[in-house]
Amino acid sequence: MSIAPPAGADAALTAVIRDEAGAIVARLHRLVGDFDVAEEAVQEAVVEALRAWRTQGIPDRPGAWLQVAARRNAMDRLRRQQRQERALARMREAAPTLSAAPDPDERLGLLFACCHPALPVESRLPLTLRAVVGLTTAQIARAFLVSETTMAQRIVRAKRKIVDKGIALTMPAGPDRTARLDDVLTVAYLMYNEAFVATGGESPDDRDLADDAIWLASLLATSLPREPEALGLLALLLFQHARQPARFDAARQLVLLANQDRSVWDRKTIDSAEQLLERAAGMRQPGRFQLQAAIAACHASASSWEETDWLQILALYDLLLRHDDSAVTKLNRAVALGRVRGAAAALEYVDALADELSTYHLFHATRADLLENLGRPDDAAEANRRALSLTTNPAEQALLTRRLPISPMHQP
């Protein structure tokens, strides 16, 4: 057996988890008939692998190592619990050979189960991150700014509901799949949003979580090639990800889109996103992720902020509101409205959203921009202060602080 340097263990484990964890959970569930046992067994195997590979190096077949460990853990759990003797017998009789590659349908079935409408909305993303992507409870808790105990309880309740409701770990078909696909896509979308502007920790973004979100969106787009919204979601995330090299300066300060160096955007990734969007558009079934991707494409094709086709973006937002008329979508539309019809019209539009978005920091940051453009610096400063009080992201806090006027005692 060849052994890789221990330094690469974490990166290798991350790759194995993405490719294998969800499928292993699904396979174990078929054998033991207990989702909780299967999911916990895989989580224990992940922890064991990380501990062992850091000291001993990475085995030739890390996926096989993880699956064998998970199978052993599941058997140990069943023995300790003294239940499901028939499940133990099935496991003993099952062929020990391992599949060369995970079946995408296994992971998709698990993903649809984790996003089942019977589960609370706030539990779907954490459960997906743990069962499908393979993140630990501690990692998920940090991302959501809650204690590990609180997150563990949330995940346990969600898993219990899957068992109690008899939710199948299979991908639904026909109208049922169509009805639930948006929930599944939304989980991947929210995962990337959390990574794009992290709400927890000292880093302003979470690039590992962003990679996980893109992996999940890629799995959906590859496995569901005739679902235009799955293609649209992947295109949207790739457009966003292509701008990553320009989002922060050398001091890790946030650089807004208007000021980014577009020469460092990843054009290869942008080309891939455009091809996906064209495929989705050819199916003539527009949806919210395709329209958001089309807006991102307008930004990606513009040579500068000033040269952006704002009229087209405004028209796309008007179409998007037919599919998603949320207050946040309307707020995003305000930026294009301001470029097309002026800051006064945009401010009037934004102020109408105050009741719904009064605790959303970007509402106040948007107002601050518009007020500054209208020559109302004092009102703009107050709006920036309010935005600053509502965000926990360090890069956003630094940006909003820089926008505030310097008091006389701090002037050079």
Side-chain angles (χ1 to χ4, degrees), residues 120-130 133 135-155 186-214 237 240-241 243-244 246-260 326-332 334-335 350 353-372 380-406 410:
V121 174
E122 66 272 12
S123 299
R124 296 176 194 172
L125 178 52
L127 184 59
T128 299
L129 288 172
R130 180 173 153 121
V133 181
L135 299 188
T136 66
T137 303
Q139 289 173 313
I140 301 167
R142 284 195 297 271
F144 285 87
L145 290 181
V146 299
S147 69
E148 187 173 349
T149 300
T150 297
M151 183 54 69
Q153 292 172 343
R154 188 179 299 175
I155 291 172
T186 297
V187 164
Y189 176 69
L190 293 175
M191 189 189 306
Y192 190 82
N193 279 355
E194 169 58 35
F196 198 68
V197 182
T199 57
E202 297 180 358
S203 177
D205 62 347
D206 187 333
R207 296 184 182 183
D208 290 337
L209 188 59
D211 289 341
D212 288 332
I214 291 175
L237 300 193
Q240 300 281 47
H241 210 56
R243 302 203 306 259
Q244 186 64 41
R247 290 188 65 230
F248 300 95
D249 61 19
R252 295 293 285 162
Q253 297 291 322
L254 186 64
V255 180
L256 296 180
L257 179 59
N259 302 318
Q260 287 178 12
S326 67
V328 171
T329 299
K330 293 175 182 176
L331 180 66
N332 293 335
V335 177
V350 168
L353 306 173
D355 289 344
E356 297 174 88
L357 297 177
S358 62
T359 60
Y360 185 44
H361 69 286
L362 292 181
F363 166 76
H364 299 282
T366 301
R367 288 191 76 249
D369 278 340
L370 296 171
L371 289 164
E372 189 70 41
E382 180 58 33
N384 273 321
R385 291 188 188 95
R386 179 62 176 150
L388 180 59
S389 71
L390 293 171
T391 181
T392 58
N393 181 272
E396 289 183 328
Q397 289 175 334
L399 175 63
L400 291 166
T401 299
R402 293 197 302 271
R403 285 183 172 183
L404 292 175
I406 302 174
H410 291 119

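Computed from a prediction, not measured in an experiment: that's the story for all the values here.
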Sub-4.5 Å side-chain heavy-atom contact between M191 and V133
yes
Shortest non-hydrogen separation from A383 to L371 and the atoms involved:
CB-CD1, 4.3 Å
Which pairs with one or both residues in residues 386-395 pass salt bridge (Lys or Arg N to Asp or Glu O under 4.0 Å), sequence neighbours excluded?
none
Quick one: salt bridge (Lys or Arg N to Asp or Glu O under 4.0 Å) partners of R243, sequence neighbours excluded?
none
Tell me every residue that passes salt bridge (Lys or Arg N to Asp or Glu O under 4.0 Å) with E148, counting only those two or more places apart in sequence or in another chain.
none
Excluding sequence neighbours, so at least two apart, what forms side chain to side chain contact (heavy atoms under 4.5 Å, CB included) with T391?
H361, N393, E396, Q397, L400
Smallest separation among heavy atoms of H241 and Y192, with atom names:
ND1-OH, 2.9 Å
How many angstroms lie between CG in D212 and OG1 in T128, if you round to the nearest 0.5 Å?
12.0 Å
Using the salt bridge (Lys or Arg N to Asp or Glu O under 4.0 Å) criterion, which residues pair with R130? Sequence neighbours excluded.
E39, E40
A387 and A365 have their tightest heavy-atom pair at CB-N, 3.8 Å
Is any side-chain heavy atom of L254 closer than 4.5 Å to a side-chain heavy atom of F248?
yes
Applying side chain to side chain contact (heavy atoms under 4.5 Å, CB included) to Q253 and not counting sequence neighbours gives D249, A251, A398, R402
Which residues share a side chain to side chain contact (heavy atoms under 4.5 Å, CB included) with T366, sequence neighbours left out:
L331, V350, L370
Interatomic distance, R385 atom CZ to R403 atom CZ [nearest 0.5 angstrom]
13.5 Å
How long is the gap from CE on M151 to CZ on R154, to the nearest 0.5 Å?
4.5 Å
In Å and rounded to the nearest 0.5 Å, what is the CD to CG distance from E382 to L404?
9.5 Å
Go through F363 and E356 one step at a time and tell me if the side chain to side chain contact (heavy atoms under 4.5 Å, CB included) criterion holds.
CA-CA 10 Å; F363 166 76; E356 297 174 88; over 6 Å; no
Spatial distance of atom CG (L388) from atom OG1 (T401) [nearest 0.5 Å]:
4.5 Å
Measuring from T150:OG1 to I155:CD1, what's the distance to the nearest 0.5 Å?
11.0 Å
Taking all atoms of both residues into account, what is the closest heavy-atom pair of N384 and A368, and its distance?
OD1-CB, 3.4 Å
Could you pull out all residues at least two apart from V328 that satisfy side chain to side chain contact (heavy atoms under 4.5 Å, CB included)?
S326, N332, L357, Y360
